[in-house]
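What follows is a short report on a single structure.
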Amino acid sequence: MPEIPKAYEPGKIERKWYNFWLKQGYFTPEIDPKKKPFVIIMPPPNVTGELHLGHALTTTLEDVMVRWQRMKGKPTLWLPGTDHAGIATQVVVEQQLAEQSVTRRDIGREKFHQVAWEWANNSRQSINLQHQMLGASCDWTRERFTLDEGPSKAVRTAFVNLYNKGLIYRGERIINWCPRCQTALSDLEVEHKEINGHLYYIRYPLADESGFITVATTRPETFFGDTAVAVNPEDARYKDLVGKKVVLPIIDKQIPVIADDAVDVSFGTGALKITPAHDPTDFEVGQRHNLPLVDIMNPDATLNENAGPYAGLERFACRDMVVDDLKGKGLLEKIEPYLHSVGHCIRCQTMVEPRVSLQWFIRTKPLAEKAIRTVREGDITIIPERFTKIYFEWMENIKDWCISRQLWWGHRIPVWYCQDCGELTVSVDIASHCSHCGSSQIVQDNDVLDTWFSSALWTHSTLGWPEDTEDLRYFYPGAVMETGYDILFFWVARMIMMGLEDTGEIPFRTVYLHGLIRDEHGEKMSKLRGNVINPTEAINEYGVDALRFALASNSMPGNDVSLGRGKVESSRNFVNKLWNAARFIFQSVDATTLTGQTIEIKVEPQLLEDRWIVSRLNRVIGEVNRLMERFEFGEACWQIYDFMWGEFCDWYVEIAKLRLRPVEPAASPLPFLVNVLENSLRLLHPFMPFVTEELWQNVKQHFPEESHMPDSIMTASYPVADNGAIDPEAERAMNSVIEIIRSIRNVRARYKVEAAKQIEAWIYADELLPQISSQAEAIKTLARVNPLAVAPRRERESDVGRAVVLVLKESEVILPWASLVDLSAEEQRLTREREVTEARIAQLDARLGDNDFLAKAPQHVVEKEKQRLTELSDKLERVKMEISQLRS
RNA sequence: GGGCGGUUAGCUCAGUGGUUAGAGCGCUGCGUUGACAUCGCAGAGGUCACUGGUUCAAGUCCAGUAUCGCCCA
């Protein structure tokens, strides 16, 4: 057998195994109508650049589920893809152009597309590569991009269907406008931030020159767009003024004073300027009162000709000038500091401008109703559950969705306008004639659709919809939608709506939401803070398996993950531990094989330690499966970690060494070493695919006669617990042995006994005597004890002389090494132990003397407490005896 | 303004109403056995934010308070 390196070297094997899996075609499921498939459609990363740790988390969790299900024998499809990310990508590409001092308008739509496609293709490639580095077992034969022909056709089809149903309409509405991106945004793409602004009190003179009315506003520069002043109808202060006219200063325009319930009498002066074209609530007031819309801005948020002398000024510069000028005319009453919340573009952080414009909208209410019902009725489950409420809250208050964007990068809206009859042609295929008058003088809408429109169709567009494909029939609906909670509204909610709308079926059965990745102090990761961990670098430094394990083991459903290098490092250490345990086992196997012996793997455990480790293994297997079913991957990781490291490596392997280098012939522990290792590898494979494959192949190589082993751990079966192997008696006895060894080590450390020095020990026990005796060699070696006597309690010498006496749960240990022991200190220690035991007994006595407890607590709890009391009472007696002997 | 979540060891976090509340990192001391120093052994470190309630039993359930964070408007 070749030499196995002392430390695991991930770089050497990762690519090798990925390519092997790929070549074997394991990632592509076989369609078997008799079996229900497990399907995850990957949330497509934006083609804006490299993947970050959030993507690594998504990929890890999905791969964990997919590999687990695949090992459980389900046809498993994990469909990868990327998103064109309309506005985000356009921003990136425009920045790139800006470096060459060119704008997109300079080069034109066609050339811009060329540059953007080039960027997207590069990015798509590097994202796919990174997914492969991460070990993603997704089906590359089905990889999709949102702008691919299939998904694009799905987009046009969905649009046309909705339009024909009257669920898509075009209208002049107030929308959020980003002056930098120069496009409309949906409500979700606006981020509200608290801003320290001002409240300006402005006097509007009455047209009849009988005085003025003072309005309070945060945006004085919009007064050119005012078409009324509104007061509350109940407000006595202004009752007489309703119906009168006021004159807008500077531009000398007359507007009416109106009464509207929406006006809050306590805000400012109780009189509001109404600017329907630039404020959402004003827009509504305007609709109610039939007020004209006066748009005062250009797309770049400079003032337009409606601003009279201020035309051409940037909005904030205009504000300053307007304020100055009003002040000069004595029309500015006062300015107060004012904290208010202002919308910003989620992409570029520019303050958005609410603006009336002609856009396309989806009437979401009818779609939302169905989407609410499927979740309410339990067809779709959201994990963690608390997000269900948040989902309902949003869905129930849903607003129409503005889907048109004044961008170039995206799906062009499939609508053509007739130059002759003015009618619209809405068509899935490219239209050449007006569907009304037949004219060929038609022009396609210039705008593209919101990126999230195509994302909303992703669950079925990737499987071939609107075509009736085999994939769609077999793989839809998916099993789990796994993604971050930050896109619950953007994406998940809309997928549910559109999935139901397009296919009449739910798009997935379970929504699993993970949290955001933060740094080791819980701070958001950002370039600015310099606390970003780049996944590729982390992989190069620690290996993929370590990164994946760090992510999976630290992630709880719906909770943010704090991840520093330390976590990745300790995961790396675990991978290395696993590697070395395996290395040791292989070396032992080789040593045995060299002597010409064959190793039989299937052996019933007879010896205590073998029964114990097999029992523990099966408990862990059961527990891990249960946790995985419940999406508790982090806890599943720790179960395996604790078992592997804390039980198998720390105890079983150490004890097994005695039998591997026996003085006298002993039953070989190799079957159990190999079995536990092999099972653990399979348990761990979904979390750390590479190292487990490497080691598993090594197992396979060592046991070629084990014909049931498939070609890859990927296609091996996931371990299933054998409840028959669970052995409470062996667990109890081994716990006692471990307790003995630990206690002796503790004493050695306390008395600073030299590490290499052997000390004498006597152990007394009753019930567990045979089992403890069977571990005498282990105790001798692991606790550095020699000579060791194990005897029944009745043989206990009454006078032990100077010694440390340990009263344990089911045994006593006496360490009679006279010279070192400080008798009075020992007495003090035993006295403390007596006190502690007495206190606990008192506590238990009280509990067991309580009739309520006896009557109401479940039987097994009462039994347990009674047993504890017996044990403790027994211990107390023994401690008392030791104290009296020490004193005699 | 409405809602949600957090508050547990020095730090970051686990913890299905039922022993003496755990882990990783960090810290202290000691290191020996050809798997592993990416390691081993031992140890220190906690008023589970606070107040009240429900319960035989509360870190866990309920209410309130404080505080931090997020989402929505």
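By convention in this document, chain letters (A, B, ...) are assigned in the order of the sequence lines, proteins followed by strands, and residues within each chain are numbered from 1. Predicted model, so just to flag it, every value in this text is computed and none were measured.
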Which of the following nucleotides, [options], is nearest to the side chain of [X]?
X         : options                : value
Met556(A) : A14(B), U38(B), G5(B)  : A14(B)
Trp645(A) : G40(B), A23(B), C56(B) : G40(B)
Tyr641(A) : G18(B), G24(B), A35(B) : G24(B)
Val861(A) : G5(B), G18(B), A42(B)  : G18(B)
Ala857(A) : G18(B), C4(B), U12(B)  : G18(B)
Arg386(A) : C4(B), U32(B), C25(B)  : C4(B)

Which is true for Glu635(A) with a 4.0 Å heavy-atom rule: it touches a base, it touches only sugar-phosphate, or it touches nothing?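 Sugar-phosphate contact only - Glu635(A) comes under 4.0 Å of backbone atoms but never of a base.
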
Rounded to whole Å, how long is the line connecting atom [atom1] of [X] with atom [atom2] of [N]?
X         : N      : atom1 : atom2 : result
Asn573(A) : U38(B) : CG    : P     : 8 Å
Gln867(A) : U19(B) : CD    : P     : 14 Å
Glu9(A)   : U38(B) : CD    : P     : 14 Å

Under 3.5 Å, is there an N or O donor on one side and an acceptor on the other linking the side chain of Glu393(A) and the base of A73(B)?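 For Glu393(A), whose side chain was compared with the base of A73(B), there is no donor-acceptor pair (under 3.5 Å).
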
Is it the case that C36(B) (base atoms only) and Lys577(A) (side chain only) share a donor and an acceptor within less than 3.5 Å, ignoring hydrogens and angles?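 Looking at the base of C36(B), it does pair with a donor or acceptor on the side chain of Lys577(A) (distance under 3.5 Å).
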
Answer with yes or no after comparing the ring centroid distance for His702(A) and Phe586(A) against a 6.0 Å cut-off, counting only values under it.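 Between His702(A) and Phe586(A), the centre distance is under 6.0 Å.
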
In terms of the nearest nucleotide of RNA chain B, which residue is placed more toward the 5' end: Lys389(A) or Ala755(A)?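 Looking at RNA chain B, the more 5' nearest nucleotide goes with Lys389(A).
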
Whether Glu393(A) and Lys389(A) form a salt bridge (side-chain N of Lys/Arg under 4.0 Å from carboxylate O of Asp/Glu) is what I want to check.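 No, this pair does not count.
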
On a whole-Å scale, what distance lies between the P atoms belonging to G43(B) and C48(B)?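 Taking atom P in both G43(B) and C48(B), they lie 23 Å apart.
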
Which pair of heavy atoms, one from Arg784(A) and one from Gln758(A), lies closest together, and at what distance?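 Taking every non-hydrogen atom into account, C-OE1, 3.3 Å.
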
